[in-house]
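Please find one structure pasted underneath; my questions will follow.
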4 protein chains.
Amino acid sequence: MSHTLEILEAAPRRWELDLEEVAAAIDACWDCVTTCTACSDESLAEDEVAAMRRCIALCTNCADVCATAARVLSRQSFGDVVLVQRQLEACVRACSVCAEECAKHAEHHAHCAVCAEVCRACEQACRRVLDAEALAELRALAGG
Amino acid sequence: MSHTLEILEAAPRRWELDLEEVAAAIDACWDCVTTCTACSDESLAEDEVAAMRRCIALCTNCADVCATAARVLSRQSFGDVVLVQRQLEACVRACSVCAEECAKHAEHHAHCAVCAEVCRACEQACRRVLDAEALAELRALAGG
Amino acid sequence: MSHTLEILEAAPRRWELDLEEVAAAIDACWDCVTTCTACSDESLAEDEVAAMRRCIALCTNCADVCATAARVLSRQSFGDVVLVQRQLEACVRACSVCAEECAKHAEHHAHCAVCAEVCRACEQACRRVLDAEALAELRALAGG
Amino acid sequence: MSHTLEILEAAPRRWELDLEEVAAAIDACWDCVTTCTACSDESLAEDEVAAMRRCIALCTNCADVCATAARVLSRQSFGDVVLVQRQLEACVRACSVCAEECAKHAEHHAHCAVCAEVCRACEQACRRVLDAEALAELRALAGG
(Lines give C-alpha, C1' and ligand atoms only; values in the text may rest on other atoms or scores of the structure.)
Protein backbone atom coordinates (compact mmCIF):
# COMPACT_ATOMS: atom_id res chain seq x y z
CA MET A 1 0.00 0.00 0.00
CA SER A 2 1.35 3.39 -0.95
CA HIS A 3 1.38 6.43 1.34
CA THR A 4 0.27 8.76 -1.45
CA LEU A 5 -3.12 9.85 -0.13
CA GLU A 6 -1.74 10.19 3.39
CA ILE A 7 1.07 12.53 2.33
CA LEU A 8 -1.20 14.60 0.07
CA GLU A 9 -3.66 15.10 2.92
CA ALA A 10 -0.84 16.32 5.20
CA ALA A 11 -0.18 19.37 2.99
CA PRO A 12 -0.62 22.86 4.42
CA ARG A 13 -1.77 24.07 0.97
CA ARG A 14 -3.86 21.58 -0.97
CA TRP A 15 -5.04 21.15 -4.53
CA GLU A 16 -8.65 22.25 -4.81
CA LEU A 17 -9.17 18.89 -6.46
CA ASP A 18 -10.42 15.59 -5.11
CA LEU A 19 -7.29 14.27 -3.37
CA GLU A 20 -8.44 10.67 -3.67
CA GLU A 21 -8.55 11.07 -7.44
CA VAL A 22 -5.18 12.78 -7.48
CA ALA A 23 -3.63 10.04 -5.32
CA ALA A 24 -5.16 7.36 -7.55
CA ALA A 25 -3.65 9.04 -10.62
CA ILE A 26 -0.20 9.29 -9.00
CA ASP A 27 -0.26 5.61 -8.00
CA ALA A 28 -1.50 4.61 -11.46
CA CYS A 29 1.35 6.60 -13.03
CA TRP A 30 4.04 4.85 -10.98
CA ASP A 31 2.51 1.45 -11.71
CA CYS A 32 2.63 2.41 -15.38
CA VAL A 33 6.27 3.57 -15.13
CA THR A 34 7.24 0.17 -13.71
CA THR A 35 5.29 -1.93 -16.19
CA CYS A 36 6.35 0.16 -19.20
CA THR A 37 10.01 0.11 -18.10
CA ALA A 38 9.88 -3.65 -17.55
CA CYS A 39 7.80 -4.40 -20.66
CA SER A 40 10.23 -2.44 -22.80
CA ASP A 41 13.17 -4.35 -21.33
CA GLU A 42 11.46 -7.73 -21.54
CA SER A 43 10.33 -7.19 -25.13
CA LEU A 44 13.96 -6.54 -25.99
CA ALA A 45 14.82 -10.04 -24.79
CA GLU A 46 12.13 -11.80 -26.81
CA ASP A 47 13.21 -13.91 -29.79
CA GLU A 48 11.11 -11.87 -32.19
CA VAL A 49 12.53 -8.56 -31.03
CA ALA A 50 12.12 -7.10 -34.53
CA ALA A 51 8.34 -7.34 -34.15
CA MET A 52 8.52 -5.61 -30.77
CA ARG A 53 10.32 -2.41 -31.78
CA ARG A 54 7.32 -0.12 -31.68
CA CYS A 55 6.23 -1.60 -28.35
CA ILE A 56 9.71 -0.99 -26.89
CA ALA A 57 9.82 2.60 -28.15
CA LEU A 58 6.32 3.55 -27.02
CA CYS A 59 6.78 1.95 -23.59
CA THR A 60 10.00 3.90 -23.07
CA ASN A 61 8.36 7.24 -23.82
CA CYS A 62 5.31 6.33 -21.77
CA ALA A 63 7.45 5.62 -18.70
CA ASP A 64 9.07 9.07 -18.86
CA VAL A 65 5.85 10.98 -19.46
CA CYS A 66 3.99 9.16 -16.65
CA ALA A 67 6.87 9.78 -14.22
CA THR A 68 6.71 13.51 -14.84
CA ALA A 69 2.92 13.51 -14.54
CA ALA A 70 3.20 11.78 -11.14
CA ARG A 71 5.72 14.34 -9.91
CA VAL A 72 3.73 17.36 -11.10
CA LEU A 73 0.60 15.95 -9.42
CA SER A 74 2.54 15.44 -6.17
CA ARG A 75 3.39 19.14 -5.83
CA GLN A 76 0.29 20.95 -4.58
CA SER A 77 1.71 23.98 -2.81
CA PHE A 78 2.40 26.34 -5.69
CA GLY A 79 1.36 24.01 -8.49
CA ASP A 80 0.06 25.44 -11.75
CA VAL A 81 -3.21 23.81 -12.85
CA VAL A 82 -2.58 24.67 -16.48
CA LEU A 83 0.67 22.72 -16.33
CA VAL A 84 -1.14 19.86 -14.58
CA GLN A 85 -3.64 19.81 -17.41
CA ARG A 86 -1.01 19.79 -20.14
CA GLN A 87 1.17 17.15 -18.52
CA LEU A 88 -1.89 14.97 -17.99
CA GLU A 89 -2.88 15.41 -21.64
CA ALA A 90 0.58 14.22 -22.66
CA CYS A 91 0.23 11.31 -20.25
CA VAL A 92 -3.18 10.28 -21.56
CA ARG A 93 -1.82 10.25 -25.10
CA ALA A 94 1.28 8.23 -24.18
CA CYS A 95 -0.76 5.65 -22.25
CA SER A 96 -3.40 5.32 -24.93
CA VAL A 97 -0.95 4.74 -27.78
CA CYS A 98 1.16 2.37 -25.69
CA ALA A 99 -1.86 0.35 -24.52
CA GLU A 100 -3.02 -0.05 -28.12
CA GLU A 101 0.38 -1.37 -29.23
CA CYS A 102 0.87 -3.67 -26.24
CA ALA A 103 -2.62 -5.11 -26.72
CA LYS A 104 -1.50 -6.41 -30.15
CA HIS A 105 1.14 -8.57 -28.45
CA ALA A 106 -0.90 -9.54 -25.40
CA GLU A 107 -1.68 -13.03 -26.62
CA HIS A 108 1.95 -13.92 -27.13
CA HIS A 109 3.59 -12.06 -24.28
CA ALA A 110 2.19 -11.93 -20.75
CA HIS A 111 4.19 -8.74 -20.04
CA CYS A 112 2.40 -6.97 -22.89
CA ALA A 113 -0.97 -8.08 -21.52
CA VAL A 114 -0.10 -6.68 -18.08
CA CYS A 115 1.32 -3.50 -19.57
CA ALA A 116 -1.73 -2.85 -21.78
CA GLU A 117 -4.01 -3.23 -18.78
CA VAL A 118 -1.91 -0.93 -16.58
CA CYS A 119 -1.65 1.72 -19.33
CA ARG A 120 -5.44 1.72 -19.73
CA ALA A 121 -5.90 2.07 -15.98
CA CYS A 122 -3.43 4.96 -15.88
CA GLU A 123 -5.12 6.66 -18.82
CA GLN A 124 -8.45 6.45 -17.01
CA ALA A 125 -7.08 7.66 -13.69
CA CYS A 126 -5.54 10.69 -15.41
CA ARG A 127 -8.72 11.40 -17.38
CA ARG A 128 -10.66 11.43 -14.12
CA VAL A 129 -8.49 14.29 -12.83
CA LEU A 130 -8.58 16.05 -16.20
CA ASP A 131 -12.36 15.83 -16.50
CA ALA A 132 -13.11 17.04 -12.99
CA GLU A 133 -15.17 20.22 -12.93
CA ALA A 134 -12.79 21.62 -10.32
CA LEU A 135 -9.89 21.54 -12.78
CA ALA A 136 -11.88 23.42 -15.41
CA GLU A 137 -12.77 26.11 -12.89
CA LEU A 138 -9.20 26.44 -11.64
CA ARG A 139 -7.91 26.63 -15.20
CA ALA A 140 -10.35 29.42 -15.97
CA LEU A 141 -9.03 31.34 -12.96
CA ALA A 142 -5.44 30.68 -14.04
CA GLY A 143 -6.23 31.93 -17.53
CA GLY A 144 -4.99 28.72 -19.17
CA MET B 1 29.59 21.60 -27.45
CA SER B 2 26.94 18.91 -27.35
CA HIS B 3 26.72 15.95 -29.75
CA THR B 4 22.96 16.29 -30.12
CA LEU B 5 22.70 17.19 -33.80
CA GLU B 6 25.36 14.64 -34.72
CA ILE B 7 23.53 11.77 -33.02
CA LEU B 8 20.13 12.80 -34.42
CA GLU B 9 21.57 12.87 -37.94
CA ALA B 10 22.96 9.35 -37.50
CA ALA B 11 19.48 7.85 -37.13
CA PRO B 12 18.24 5.26 -39.64
CA ARG B 13 14.69 6.64 -39.22
CA ARG B 14 14.49 10.39 -38.75
CA TRP B 15 11.88 12.88 -37.67
CA GLU B 16 10.39 14.60 -40.71
CA LEU B 17 11.18 17.79 -38.86
CA ASP B 18 14.11 20.18 -39.12
CA LEU B 19 16.76 18.33 -37.11
CA GLU B 20 18.65 21.52 -36.33
CA GLU B 21 15.54 22.89 -34.66
CA VAL B 22 14.96 19.63 -32.79
CA ALA B 23 18.59 19.55 -31.61
CA ALA B 24 18.37 23.18 -30.50
CA ALA B 25 15.22 22.39 -28.49
CA ILE B 26 16.86 19.37 -26.83
CA ASP B 27 19.94 21.37 -25.86
CA ALA B 28 17.78 24.24 -24.60
CA CYS B 29 15.79 21.78 -22.49
CA TRP B 30 18.88 20.36 -20.78
CA ASP B 31 20.24 23.85 -20.16
CA CYS B 32 16.90 24.64 -18.57
CA VAL B 33 16.94 21.48 -16.45
CA THR B 34 20.33 22.49 -15.03
CA THR B 35 19.48 26.12 -14.37
CA CYS B 36 16.06 25.32 -12.89
CA THR B 37 17.51 22.58 -10.68
CA ALA B 38 20.30 24.87 -9.50
CA CYS B 39 18.10 27.98 -9.18
CA SER B 40 15.64 26.03 -7.05
CA ASP B 41 18.45 24.79 -4.81
CA GLU B 42 20.17 28.16 -4.59
CA SER B 43 16.93 30.02 -3.83
CA LEU B 44 16.46 27.63 -0.93
CA ALA B 45 19.73 28.86 0.57
CA GLU B 46 18.89 32.56 0.29
CA ASP B 47 18.17 34.46 3.51
CA GLU B 48 14.71 35.49 2.31
CA VAL B 49 13.72 31.93 1.42
CA ALA B 50 10.10 32.69 2.29
CA ALA B 51 9.92 35.10 -0.65
CA MET B 52 11.39 32.47 -2.95
CA ARG B 53 8.87 29.65 -2.40
CA ARG B 54 6.99 30.04 -5.65
CA CYS B 55 10.26 30.31 -7.57
CA ILE B 56 11.55 27.10 -5.95
CA ALA B 57 8.35 25.22 -6.70
CA LEU B 58 8.01 26.36 -10.31
CA CYS B 59 11.68 25.69 -11.06
CA THR B 60 11.35 22.16 -9.70
CA ASN B 61 8.40 21.34 -11.92
CA CYS B 62 10.01 23.02 -14.91
CA ALA B 63 13.14 20.87 -14.59
CA ASP B 64 11.07 17.66 -14.69
CA VAL B 65 8.89 18.71 -17.60
CA CYS B 66 11.86 19.91 -19.70
CA ALA B 67 13.77 16.68 -19.03
CA THR B 68 10.90 14.62 -20.37
CA ALA B 69 10.51 16.91 -23.39
CA ALA B 70 14.21 16.45 -24.20
CA ARG B 71 13.92 12.67 -24.00
CA VAL B 72 10.78 12.46 -26.12
CA LEU B 73 12.42 14.68 -28.76
CA SER B 74 15.51 12.44 -28.76
CA ARG B 75 13.54 9.35 -29.82
CA GLN B 76 12.83 9.63 -33.53
CA SER B 77 12.45 6.04 -34.65
CA PHE B 78 8.91 5.24 -33.61
CA GLY B 79 8.11 8.57 -32.02
CA ASP B 80 4.53 9.82 -31.90
CA VAL B 81 4.20 13.42 -33.13
CA VAL B 82 1.03 13.95 -31.14
CA LEU B 83 2.92 13.09 -27.97
CA VAL B 84 5.76 15.39 -29.05
CA GLN B 85 3.27 18.19 -29.45
CA ARG B 86 1.63 17.64 -26.07
CA GLN B 87 4.89 17.30 -24.16
CA LEU B 88 6.19 20.45 -25.84
CA GLU B 89 3.00 22.30 -24.90
CA ALA B 90 3.55 21.29 -21.27
CA CYS B 91 7.17 22.40 -21.57
CA VAL B 92 6.28 25.80 -23.05
CA ARG B 93 3.86 26.40 -20.19
CA ALA B 94 6.34 25.36 -17.50
CA CYS B 95 9.11 27.54 -18.96
CA SER B 96 6.87 30.54 -19.44
CA VAL B 97 5.48 30.54 -15.89
CA CYS B 98 8.92 29.87 -14.38
CA ALA B 99 10.58 32.63 -16.43
CA GLU B 100 7.96 35.11 -15.29
CA GLU B 101 8.50 34.26 -11.62
CA CYS B 102 12.31 34.21 -11.83
CA ALA B 103 12.28 37.58 -13.61
CA LYS B 104 10.71 39.11 -10.49
CA HIS B 105 13.80 38.14 -8.46
CA ALA B 106 16.38 38.83 -11.16
CA GLU B 107 17.58 42.10 -9.67
CA HIS B 108 18.36 40.56 -6.31
CA HIS B 109 19.58 37.11 -7.31
CA ALA B 110 21.91 36.47 -10.22
CA HIS B 111 20.75 32.84 -10.40
CA CYS B 112 17.18 33.99 -11.03
CA ALA B 113 18.38 36.31 -13.81
CA VAL B 114 20.21 33.42 -15.49
CA CYS B 115 17.28 31.06 -14.97
CA ALA B 116 14.72 33.50 -16.40
CA GLU B 117 16.85 33.96 -19.50
CA VAL B 118 17.39 30.22 -20.00
CA CYS B 119 13.68 29.46 -19.48
CA ARG B 120 12.74 32.04 -22.13
CA ALA B 121 15.27 30.56 -24.55
CA CYS B 122 13.90 27.07 -23.93
CA GLU B 123 10.33 28.26 -24.40
CA GLN B 124 11.29 29.77 -27.76
CA ALA B 125 13.25 26.74 -28.94
CA CYS B 126 10.27 24.50 -28.13
CA ARG B 127 7.82 26.87 -29.80
CA ARG B 128 9.93 26.76 -32.96
CA VAL B 129 9.43 22.97 -33.18
CA LEU B 130 5.76 23.27 -32.23
CA ASP B 131 5.05 25.95 -34.85
CA ALA B 132 6.81 24.20 -37.72
CA GLU B 133 4.49 23.42 -40.60
CA ALA B 134 5.95 19.93 -40.74
CA LEU B 135 4.63 19.14 -37.25
CA ALA B 136 1.13 20.27 -38.17
CA GLU B 137 1.16 18.05 -41.26
CA LEU B 138 2.46 15.04 -39.35
CA ARG B 139 -0.12 15.55 -36.63
CA ALA B 140 -2.88 15.61 -39.22
CA LEU B 141 -1.60 12.28 -40.55
CA ALA B 142 -1.44 10.85 -37.04
CA GLY B 143 -5.00 11.98 -36.38
CA GLY B 144 -4.00 13.91 -33.27
CA MET C 1 -1.88 -2.96 -5.63
CA SER C 2 0.99 -2.63 -8.06
CA HIS C 3 1.71 -5.01 -10.95
CA THR C 4 5.44 -5.03 -10.25
CA LEU C 5 5.96 -8.67 -9.28
CA GLU C 6 3.65 -9.84 -12.05
CA ILE C 7 5.57 -7.99 -14.77
CA LEU C 8 8.97 -9.06 -13.41
CA GLU C 9 7.87 -12.70 -13.43
CA ALA C 10 6.78 -12.41 -17.07
CA ALA C 11 10.34 -11.72 -18.24
CA PRO C 12 12.03 -14.12 -20.67
CA ARG C 13 15.38 -13.36 -18.98
CA ARG C 14 15.20 -12.87 -15.23
CA TRP C 15 17.44 -11.52 -12.52
CA GLU C 16 19.05 -14.40 -10.63
CA LEU C 17 17.77 -12.61 -7.55
CA ASP C 18 14.69 -13.14 -5.44
CA LEU C 19 12.04 -11.40 -7.56
CA GLU C 20 9.80 -10.78 -4.57
CA GLU C 21 12.60 -8.82 -2.93
CA VAL C 22 13.30 -6.92 -6.14
CA ALA C 23 9.61 -6.09 -6.58
CA ALA C 24 9.38 -4.96 -2.96
CA ALA C 25 12.38 -2.66 -3.48
CA ILE C 26 10.88 -1.17 -6.67
CA ASP C 27 7.55 -0.49 -4.96
CA ALA C 28 9.31 0.98 -1.92
CA CYS C 29 11.32 3.26 -4.21
CA TRP C 30 8.22 4.66 -5.93
CA ASP C 31 6.47 5.17 -2.61
CA CYS C 32 9.59 7.06 -1.51
CA VAL C 33 9.64 9.16 -4.71
CA THR C 34 6.06 10.26 -4.04
CA THR C 35 6.49 11.00 -0.35
CA CYS C 36 9.83 12.80 -0.84
CA THR C 37 8.43 14.85 -3.74
CA ALA C 38 5.34 15.77 -1.74
CA CYS C 39 7.20 16.32 1.56
CA SER C 40 9.63 18.66 -0.17
CA ASP C 41 6.76 20.62 -1.71
CA GLU C 42 4.72 20.68 1.49
CA SER C 43 7.68 21.77 3.63
CA LEU C 44 8.09 24.69 1.25
CA ALA C 45 4.60 25.85 2.15
CA GLU C 46 5.11 25.69 5.92
CA ASP C 47 5.33 28.97 7.84
CA GLU C 48 8.78 28.11 9.20
CA VAL C 49 10.18 27.29 5.76
CA ALA C 50 13.64 28.51 6.86
CA ALA C 51 13.86 25.61 9.30
CA MET C 52 12.85 23.17 6.57
CA ARG C 53 15.56 23.93 4.00
CA ARG C 54 17.69 20.88 4.60
CA CYS C 55 14.60 18.67 4.59
CA ILE C 56 13.48 20.14 1.26
CA ALA C 57 16.90 19.69 -0.31
CA LEU C 58 17.47 16.14 0.92
CA CYS C 59 13.96 15.04 -0.09
CA THR C 60 14.48 16.40 -3.60
CA ASN C 61 17.70 14.47 -4.11
CA CYS C 62 16.21 11.35 -2.54
CA ALA C 63 13.29 11.37 -4.99
CA ASP C 64 15.65 11.44 -7.99
CA VAL C 65 17.99 8.75 -6.69
CA CYS C 66 15.12 6.40 -5.75
CA ALA C 67 13.48 6.87 -9.14
CA THR C 68 16.64 5.79 -10.92
CA ALA C 69 17.09 2.84 -8.57
CA ALA C 70 13.54 1.68 -9.36
CA ARG C 71 14.17 1.90 -13.09
CA VAL C 72 17.50 0.07 -12.98
CA LEU C 73 15.90 -2.69 -10.87
CA SER C 74 13.06 -3.00 -13.40
CA ARG C 75 15.39 -3.89 -16.28
CA GLN C 76 16.42 -7.51 -15.90
CA SER C 77 17.24 -8.59 -19.42
CA PHE C 78 20.73 -7.25 -19.90
CA GLY C 79 21.06 -5.56 -16.52
CA ASP C 80 24.49 -5.11 -14.94
CA VAL C 81 24.58 -6.27 -11.32
CA VAL C 82 27.49 -3.99 -10.51
CA LEU C 83 25.39 -1.01 -11.60
CA VAL C 84 22.45 -2.34 -9.56
CA GLN C 85 24.71 -2.51 -6.53
CA ARG C 86 26.07 1.02 -6.97
CA GLN C 87 22.69 2.61 -7.63
CA LEU C 88 21.27 0.82 -4.60
CA GLU C 89 24.17 2.07 -2.47
CA ALA C 90 23.38 5.62 -3.58
CA CYS C 91 19.72 4.98 -2.80
CA VAL C 92 20.41 3.62 0.67
CA ARG C 93 22.50 6.69 1.47
CA ALA C 94 19.88 9.14 0.16
CA CYS C 95 17.07 7.42 2.10
CA SER C 96 19.05 7.17 5.30
CA VAL C 97 20.08 10.85 5.39
CA CYS C 98 16.61 12.00 4.37
CA ALA C 99 14.89 9.83 6.99
CA GLU C 100 17.15 11.23 9.69
CA GLU C 101 16.36 14.83 8.75
CA CYS C 102 12.60 14.24 8.35
CA ALA C 103 12.48 12.49 11.72
CA LYS C 104 13.60 15.76 13.35
CA HIS C 105 10.45 17.46 12.07
CA ALA C 106 8.08 14.54 12.54
CA GLU C 107 6.46 15.92 15.67
CA HIS C 108 5.51 19.18 14.02
CA HIS C 109 4.71 18.06 10.50
CA ALA C 110 2.74 14.95 9.68
CA HIS C 111 4.24 14.86 6.17
CA CYS C 112 7.72 14.57 7.66
CA ALA C 113 6.58 11.72 9.89
CA VAL C 114 5.19 9.86 6.87
CA CYS C 115 8.26 10.63 4.79
CA ALA C 116 10.72 9.47 7.47
CA GLU C 117 8.84 6.18 7.77
CA VAL C 118 8.71 5.61 4.01
CA CYS C 119 12.42 6.48 3.59
CA ARG C 120 13.33 3.94 6.28
CA ALA C 121 11.19 1.29 4.61
CA CYS C 122 12.82 2.02 1.24
CA GLU C 123 16.30 1.89 2.76
CA GLN C 124 15.51 -1.52 4.22
CA ALA C 125 13.98 -2.91 1.04
CA CYS C 126 17.06 -1.83 -0.92
CA ARG C 127 19.42 -3.25 1.70
CA ARG C 128 17.62 -6.58 1.42
CA VAL C 129 18.49 -6.77 -2.29
CA LEU C 130 22.03 -5.49 -1.67
CA ASP C 131 22.71 -8.00 1.09
CA ALA C 132 21.41 -11.04 -0.77
CA GLU C 133 24.04 -13.68 -1.30
CA ALA C 134 22.95 -13.99 -4.89
CA LEU C 135 24.00 -10.41 -5.61
CA ALA C 136 27.45 -10.98 -4.15
CA GLU C 137 27.91 -14.06 -6.32
CA LEU C 138 26.72 -12.31 -9.46
CA ARG C 139 28.99 -9.35 -8.75
CA ALA C 140 31.96 -11.66 -8.39
CA LEU C 141 31.14 -13.13 -11.81
CA ALA C 142 30.78 -9.65 -13.29
CA GLY C 143 34.12 -8.64 -11.83
CA GLY C 144 32.64 -5.65 -10.02
CA MET D 1 26.94 27.02 -24.73
CA SER D 2 25.36 25.96 -21.46
CA HIS D 3 24.81 28.26 -18.48
CA THR D 4 25.96 25.60 -16.01
CA LEU D 5 29.09 27.23 -14.62
CA GLU D 6 27.37 30.62 -14.46
CA ILE D 7 24.47 29.31 -12.37
CA LEU D 8 26.73 27.27 -10.08
CA GLU D 9 28.86 30.35 -9.39
CA ALA D 10 25.74 32.37 -8.48
CA ALA D 11 25.01 30.12 -5.47
CA PRO D 12 24.98 31.60 -1.97
CA ARG D 13 26.32 28.28 -0.61
CA ARG D 14 28.79 26.52 -2.89
CA TRP D 15 30.36 23.09 -3.15
CA GLU D 16 33.87 23.17 -1.72
CA LEU D 17 34.83 21.55 -4.98
CA ASP D 18 36.26 23.00 -8.17
CA LEU D 19 33.11 24.42 -9.80
CA GLU D 20 34.61 24.23 -13.28
CA GLU D 21 35.05 20.48 -12.81
CA VAL D 22 31.55 20.13 -11.43
CA ALA D 23 30.08 22.12 -14.33
CA ALA D 24 32.04 20.04 -16.83
CA ALA D 25 30.67 16.84 -15.24
CA ILE D 26 27.08 18.14 -15.35
CA ASP D 27 27.39 19.12 -19.01
CA ALA D 28 29.03 15.79 -19.85
CA CYS D 29 26.18 13.96 -18.11
CA TRP D 30 23.49 15.74 -20.13
CA ASP D 31 25.38 15.14 -23.36
CA CYS D 32 25.51 11.48 -22.37
CA VAL D 33 21.78 11.40 -21.56
CA THR D 34 21.00 12.69 -25.06
CA THR D 35 23.36 10.40 -26.93
CA CYS D 36 22.39 7.32 -24.90
CA THR D 37 18.67 8.06 -25.31
CA ALA D 38 19.10 8.61 -29.05
CA CYS D 39 21.53 5.71 -29.57
CA SER D 40 19.14 3.35 -27.82
CA ASP D 41 16.27 4.55 -30.01
CA GLU D 42 18.30 4.48 -33.21
CA SER D 43 19.70 1.01 -32.52
CA LEU D 44 16.12 -0.18 -32.19
CA ALA D 45 15.47 0.92 -35.78
CA GLU D 46 18.50 -0.86 -37.25
CA ASP D 47 17.90 -3.93 -39.42
CA GLU D 48 20.03 -6.12 -37.15
CA VAL D 49 18.19 -5.07 -34.01
CA ALA D 50 18.79 -8.51 -32.47
CA ALA D 51 22.53 -7.78 -32.36
CA MET D 52 21.87 -4.42 -30.71
CA ARG D 53 19.89 -5.58 -27.67
CA ARG D 54 22.63 -5.20 -25.10
CA CYS D 55 23.53 -1.80 -26.52
CA ILE D 56 19.89 -0.66 -26.27
CA ALA D 57 19.56 -1.89 -22.69
CA LEU D 58 22.84 -0.45 -21.42
CA CYS D 59 22.20 2.92 -23.10
CA THR D 60 18.77 3.13 -21.47
CA ASN D 61 20.16 2.56 -17.98
CA CYS D 62 23.09 4.88 -18.62
CA ALA D 63 20.76 7.75 -19.58
CA ASP D 64 18.83 7.43 -16.30
CA VAL D 65 21.90 7.16 -14.08
CA CYS D 66 23.64 10.13 -15.76
CA ALA D 67 20.51 12.28 -15.45
CA THR D 68 20.38 11.68 -11.71
CA ALA D 69 24.11 12.36 -11.35
CA ALA D 70 23.68 15.70 -13.15
CA ARG D 71 20.83 16.70 -10.86
CA VAL D 72 22.62 15.72 -7.65
CA LEU D 73 25.70 17.67 -8.77
CA SER D 74 23.52 20.73 -9.51
CA ARG D 75 22.31 21.00 -5.91
CA GLN D 76 25.08 22.55 -3.84
CA SER D 77 23.24 24.18 -0.98
CA PHE D 78 22.60 21.29 1.34
CA GLY D 79 24.12 18.57 -0.83
CA ASP D 80 25.57 15.45 0.77
CA VAL D 81 29.06 14.65 -0.55
CA VAL D 82 28.70 10.98 0.30
CA LEU D 83 25.65 10.83 -1.96
CA VAL D 84 27.54 12.72 -4.66
CA GLN D 85 30.30 10.15 -4.44
CA ARG D 86 27.94 7.17 -4.65
CA GLN D 87 25.87 8.56 -7.51
CA LEU D 88 29.07 9.38 -9.42
CA GLU D 89 30.35 5.83 -8.83
CA ALA D 90 27.13 4.48 -10.32
CA CYS D 91 27.51 6.91 -13.22
CA VAL D 92 31.11 5.93 -13.92
CA ARG D 93 30.10 2.28 -14.01
CA ALA D 94 27.13 2.88 -16.32
CA CYS D 95 29.21 4.98 -18.74
CA SER D 96 32.11 2.57 -18.78
CA VAL D 97 30.00 -0.51 -19.55
CA CYS D 98 27.94 1.36 -22.13
CA ALA D 99 31.01 2.80 -23.87
CA GLU D 100 32.51 -0.67 -24.13
CA GLU D 101 29.39 -2.11 -25.74
CA CYS D 102 28.84 0.81 -28.12
CA ALA D 103 32.48 0.65 -29.22
CA LYS D 104 31.81 -2.86 -30.56
CA HIS D 105 29.24 -1.44 -32.99
CA ALA D 106 31.08 1.79 -33.81
CA GLU D 107 32.29 0.63 -37.21
CA HIS D 108 28.81 -0.21 -38.41
CA HIS D 109 26.75 2.48 -36.75
CA ALA D 110 27.79 6.11 -36.53
CA HIS D 111 25.45 6.65 -33.56
CA CYS D 112 27.32 3.99 -31.58
CA ALA D 113 30.63 5.68 -32.41
CA VAL D 114 29.33 9.01 -31.13
CA CYS D 115 27.76 7.40 -28.07
CA ALA D 116 30.93 5.49 -27.12
CA GLU D 117 32.94 8.71 -27.32
CA VAL D 118 30.44 10.71 -25.26
CA CYS D 119 30.18 7.94 -22.62
CA ARG D 120 33.97 7.92 -22.24
CA ALA D 121 34.05 11.70 -21.91
CA CYS D 122 31.32 11.56 -19.26
CA GLU D 123 33.11 8.81 -17.36
CA GLN D 124 36.27 10.93 -17.29
CA ALA D 125 34.50 14.12 -16.26
CA CYS D 126 32.84 12.26 -13.37
CA ARG D 127 36.11 10.61 -12.33
CA ARG D 128 37.72 14.05 -12.18
CA VAL D 129 35.18 15.13 -9.55
CA LEU D 130 35.43 11.79 -7.74
CA ASP D 131 39.22 11.85 -7.59
CA ALA D 132 39.52 15.42 -6.36
CA GLU D 133 41.25 15.68 -3.02
CA ALA D 134 38.54 18.06 -1.87
CA LEU D 135 35.89 15.34 -2.20
CA ALA D 136 37.93 12.92 -0.11
CA GLU D 137 38.32 15.53 2.62
CA LEU D 138 34.65 16.44 2.59
CA ARG D 139 33.68 12.78 2.72
CA ALA D 140 35.89 12.25 5.74
CA LEU D 141 34.11 15.14 7.47
CA ALA D 142 30.73 13.71 6.50
CA GLY D 143 31.71 10.33 7.88
CA GLY D 144 30.96 8.55 4.59
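Only heavy atoms go into these numbers, but all of them, side chains included; no hydrogens, no water, no symmetry mates. Residue numbering restarts at 1 for every chain, and letters A, B, ... go by the order of the sequence lines.
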Contact origin within C:D31 toward chain A - heavy atom pairs under 4.5 Å: side chain
Closest non-hydrogen atom pair between C:T34 and A:W30, with its separation: OG1-NE1, 2.8 Å
C:A11, part contacting chain A, at a heavy-atom distance under 4.5 Å: both
Heavy-atom pair with the smallest gap, counting every atom of C:R71 and A:A63: NH2-O, 3.7 Å
A:A38, part contacting chain C, at a heavy-atom distance under 4.5 Å: both
Check: A:H111/A:E46 side-chain N/O donor and acceptor closer than 3.5 Å: yes
Inter-residue atom distance A:D27.CG - A:C32.SG, 0.5 Å rounding: 12.5 Å
Option that, when pairs with chain A are counted at under 4.5 Å, heavy atom only, ranks first among C:A113, C:S77, C:S74: C:S77
Toward chain C, the part of A:E9 with a non-hydrogen atom under 4.5 Å: neither
For C:E21 against C:A132, the heavy-atom pair lying closest together: OE1-CB, 4.2 Å
Contact origin within C:A67 toward chain A - heavy atom pairs under 4.5 Å: side chain
Heavy-atom contact with chain A under 4.5 Å, split by part of C:L44: both
A:Q76 side-chain N/O to A:L8 backbone N/O, donor-acceptor pair under 3.5 Å: yes
Winner by heavy-atom pair count (cut-off under 4.5 Å) against chain C, out of A:I26, A:T35, A:V33: A:T35
